[in-house]
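Step one of this worksheet: look at the structure below.
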Amino acid sequence: MLRRSGTDAHAWGLHRFILAVQAGGIMARPILIDCDPGTDDAIALFLALGNPALDVRAVTVAGGNVGLHHTLRNARALVGLTGRAIPVIAGADRPLLGSFTSETRVHGENGIGGVDLPDGPPAAPGLAADAIRQALRQAGPADQPGAGLTLVGIGPATNLALALATEPALAANIAEIVLMTGAWAEGNVTPAAEFNAWSDPEALAIVLACARPITLATLHLTSQALCTPARIAALQDGPGTCRAAAAAIMATVPPTRRLAYAGHPQHDACAIAWLLAPEIFTHRDVHAVVDCTNGPGRGQTIIDRWSRLALPPNARLLDTIDPDRFFALLAESIAHLP
Ligand code: RIB
Ligand code: CA
């Protein structure tokens with residue numbers, strides 16, 4: 001059984017890749033997505049669930065952009081819209097310390113810009129941290145052929161940290177952790193901090209210390225995946241309920257002042273795109289830590305891009321993304337959804 005990366009799907013052409021996966025000749029990459037939907041989380045879920053190169057084992061949910069009661073309903077509705085039978089499991093409704101602060105200015109009161117989606121299937125029983133550990137256990141040791149699980153974190157890292165802290169030995173089953181988190185320049189929630197890192201810096205510190213391969217999609221990267229009115233209009237043309245929902249959700253997000261109102265970053269889908277088309281990125285190895293103090297720097301990710309401290313790298317920093325190829329990948333993947 002060959003395990004192919006998303007690159008093959010891209011190189012082969014998605015249709016041929018789908019046929020090969022369906023014929024059982026290729027094994028899609030097992031992943032688990034932890035999220036806080038969230039307008040951009042919605043697009044990331046559609047990208048992942050629409051592409052056969054990824055085998056989404058579960059979707060776990062935390063509070064963050066909006067409260068857990070909204071993020072959980074949104075995750076169930078989004079997965080339900082794709083028709084995929086993937087378990088959605090509720091997780092943390094607060095960070096390890098304190099409480100989440102919602103970001104309704106970007107995501108609206110309901111978390112997906114006020115777009116009203118039909119209710120999805122009920123959440124699977126249990127808690128996110130346990131579901132993450134169960135999925136890791138089932139995936140087996142990452143150093144074995146065809147084993148291991150990739151964790152994609154596109155919200156506060158609370159659920160991931162709880163899983164790692166309660167059963168550290170399962171880290172050996174992690175093939176890679178891909179996080180949309182952090183900023184090496186200015187933040188988007190404070191001058192120093194990006195929202196996910198700021199929402200639970202202690203959780204991010206636990207994940208950064210797990211000694212497994214970590215890939216970081218920071219604000220500098222995601223700001224290049226700029227969702228402009230033209231790109232939204234291009235997505236609006238065509239069939240499909242998920243495509244229409246994606247375009248409708250994108251259209252609710254206000255343009256970003258930090259980016260001269262030219263559009264808004266498709267933050268979370270960048271983390272998924274890395275797994276599907278790494279060739280559209282450039283990257284470098286870095287040492288990264290997060291500030292857990294209670295001062296003005298709380299939640300700041302200090303990312304040593306030039307190895308000034310000569311510390312061993314603990315993460316791969318995604319530097320650039322080709323936006324046109326990113327949005328083409330997004331459209332191609334969503335086209336495979338109902
Ligand atoms: O800073 C952007 C990140 O915070 C994204 O994951 C967005 O969904 C919010 O969670
Ligand atoms: Ca998110």
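Every number for a ligand or one of its atoms is a count from 1 in the order of the listing. The shown structure was predicted, so the numbers you read here are calculated from the model rather than taken from an experiment.
The atoms of ligand 1 that sit less than 4.0 Å from any heavy atom of Asp41 are 8 (O). Numbered from 1 in the order shown, with element, the atoms of ligand 1 that lie under 4.0 Å from a heavy atom of Asp36 read 8 (O), 10 (O). Close contacts of ligand 1 with Asn188, meaning ligand atoms under 4.0 Å from a residue heavy atom, involve 1 (O), 2 (C). Interface atoms of ligand 1 facing Met180, defined by a heavy-atom separation under 4.0 Å, are 2 (C), 3 (C), 5 (C), 6 (O). Which parts of ligand 1 touch Asn196 is read off a 4.0 Å heavy-atom cut-off, strictly below it: atoms 3 (C), 4 (O), 5 (C), 6 (O), 9 (C), 10 (O).
When hydrogens are left out, the protein atom nearest atom 9 (C) of ligand 1 is Asn65 OD1, 3.0 Å; that is the closest non-hydrogen contact. Looking from atom 6 (O) of ligand 1 to the surrounding protein, the closest heavy atom is Asp268 OD1, 2.6 Å.
A donor-acceptor pair under 3.5 Å is formed between the side chain of Arg212 and the backbone N or O of Ile174. One N or O on the side chain of Asp36 and one on the backbone of Asn65 form a donor-acceptor pair closer than 3.5 Å. His107 places a side-chain N or O within donor-acceptor distance of the main-chain N or O of Thr39, the cut-off being under 3.5 Å. With hydrogens and angles ignored, the 3.5 Å screen pairs a side-chain donor or acceptor of Arg284 with a backbone N or O of Arg305. Side chain of Asp291 to backbone of Ile302: no donor-acceptor contact under 3.5 angstrom is found. Using a distance-only test at 3.5 Å, with no hydrogens or angles considered, no donor-acceptor pair links the side chain of Arg133 to the main chain of Leu170. When atom types are taken as modelled, the side chain of Arg94 and the backbone of Phe100 share no donor-acceptor pair closer than 3.5 angstrom. In this structure, Gln266 contributes its side chain and Ala225 its backbone to no donor-acceptor pair below 3.5 Å.
Counting heavy atoms from C-beta outward, Thr218 and Glu194 have side chains that stay 4.5 Å or more apart.
Under 3.0 Å from the Ca ion (ligand 2) lies an N/O/S atom of Asp36, whether from backbone or side chain. The Ca ion (ligand 2) does not have Gly64 among its coordinating residues (no N/O/S atom, backbone or side chain, under 3.0 Å).
Counting heavy atoms closer than 4.0 Å to ligand 1, residue Asp40 contributes side-chain atoms (C-beta onward) but none from N, CA, C or O. Counting heavy atoms closer than 4.0 Å to ligand 1, residue Thr222 contributes nothing at all. Neither the backbone nor the side chain of Val189 comes within contact range of ligand 1; no heavy atom lies under 4.0 Å. At a heavy-atom cutoff of 4.0 Å, ligand 1 is contacted by no atom of Thr39, backbone or side chain.
The option from His107, Glu194, Gln266 that lies nearest to atom 3 (C) of ligand 1, judged by heavy atoms, is Glu194.
Not a single N or O atom of Leu219, backbone or side chain, sits closer than 3.5 Å to an N or O atom of ligand 1. For His267, no nitrogen or oxygen atom sits less than 3.5 Å from a nitrogen or oxygen atom of ligand 1, counting backbone and side chain alike.
Asp268 contributes atom OD2 as its closest N/O/S atom to the Ca ion (ligand 2).
Aromatic ring orientation, Trp184 versus His220: tilted (interplanar angle from 30° to 60°).
The angle Asp41:OD2 - the Ca ion (ligand 2) - Ile154:O amounts to 90°, with values rounded to 10 degrees.
Judged by distance alone, the side chains of Thr60 and Asp34 do bring a donor and an acceptor atom under 3.5 Å apart.
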